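Here's the structure, in structure tokens; my notes come after.
Remember, predicted model here, so these are calculated numbers, not experimental data.
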Amino acid sequence: NAGVTQTPKFRVLKTGQSMTLLCAQDMNHEYMYWYRQDPGMGLRLIHYSVGEGTTAKGEVPDGYNVSRLKKQNFLLGLESAAPSQTSVYFCASSYDGQGANEKLFFGSGTQLSVL
Amino acid sequence: GENVEQHPSTLSVQEGDSAVIKCTYSDSASNYFPWYKQELGKGPQLIIDIRSNVGEKKDQRIAVTLNKTAKHFSLHITETQPEDSAVYFCAATAFQGAQKLVFGQGTRLTINP
């Protein structure tokens, strides 16, 4: 069982470059999320989606864009990378995000460094 | 909005001893409190959760207690083993939906043989 798969696992960018992180889940989950993890700050929600074709802002959305064209995929884009976006990025999914189905399933993360 | 504080940031215990991690939250309406474990190089994984209508929940060697009056909840791990070494995150929300979860800062637990 693959679960939640993130690509790439590591990436180094120069300031101003753009890139897209891909998240794929094979559990038929409705909800998908992008988090960033920084030392001493826990996990902070960037954007999320409650279903195919929908996206919404989380706690720290500035500088990022997302798309959910297919139910199983959730893409995170950085149009013009900045050193402040150096972080570990996690994708997660949940069945429907409601009540007893709030359990999050996380990918293994993407380590991004912006020089 | 909700704010979750987690302590300690690092914890080192001898194998076989108990470990306790504490979290406080600010929103008295919060009613769902999960704990996630993150092993090295992996994403977080849910290990236990509790809802506000329950004061304590156990699952083998791990337990979570909730004090709604004081607005804090704790993770207890008994008979610690080397595989318990990881980063642990608490979280809280007053809303249905994981998109409203607020995470604590994390605790790095090290089990010494």
Under 6.0 Å from the CD atom of A:Gln72, do we count more than 12 heavy atoms belonging to anything else shown?
yes

For residues 11-23 of chain B, please give each side-chain donor-acceptor pair under 3.5 Å, one per line with the distance, not counting sequence neighbours.
unit_1, atom_1, unit_2, atom_2, d
B:Ser12, OG, B:Asn112, ND2, 2.5

Mind checking the OG-CG spacing from A:Ser94 to B:Leu101? Nearest 0.5 Å is all I need.
9.5 Å

Looking at B:Lys100 and A:Glu59, is any side-chain nitrogen of the basic one under 4.0 Å from a carboxylate oxygen of the acidic one?
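Between B:Lys100 and A:Glu59 there is no salt bridge, as every charged N stays at least 4.0 Å from the carboxylate O atoms.
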
Under 4.5 Å between side-chain heavy atoms, counting indirect links through other Ile/Leu/Val/Met/Phe/Trp/Tyr residues: same cluster for [X] and [Y] or not?
X	Y	value
A:Leu45	A:Leu76	no
A:Val88	A:Trp34	no
A:Met19	A:Val60	yes
A:Met27	A:Met32	no
B:Trp35	B:Ile50	yes

Is there a side-chain contact between [X] and [Y] (heavy atoms, below 4.5 Å)?
X	Y	answer
B:Tyr32	A:Glu102	yes
A:Phe90	B:Gln38	yes
B:Tyr36	A:Leu43	no

Test: salt bridge (charged side-chain N to carboxylate O under 4.0 Å, His left out). Region: residues 64-85 of chain B. Which pairs qualify, not counting sequence neighbours?
B:Arg61-B:Asp84

If I measure from the heavy atoms of chain B, does A:Tyr35 come under 4.5 Å with its side chain, its backbone, both, or neither?
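It is the side chain, since no backbone atom gets that close.
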
Could you list the donor-acceptor pairs under 3.5 angstrom formed between side-chain atoms of residues 108-115 of chain A and any protein atom two or more places apart in sequence or on another chain?
unit_1, atom_1, unit_2, atom_2, d
A:Ser108, OG, A:Lys9, NZ, 3.4
A:Thr110, OG1, A:Gln6, NE2, 3.4
A:Thr110, OG1, A:Pro8, O, 2.6

What residues of residues 49-58 of chain A sit under 4.5 Å from chain B when only non-hydrogen atoms are counted?
none

Heavy-atom pairs under 4.5 Å with chain A - which of B:Pro44, B:Pro34, B:Gly41, B:Gly104 has more of them than the others?
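Max contact count across the listed options: B:Pro44.
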
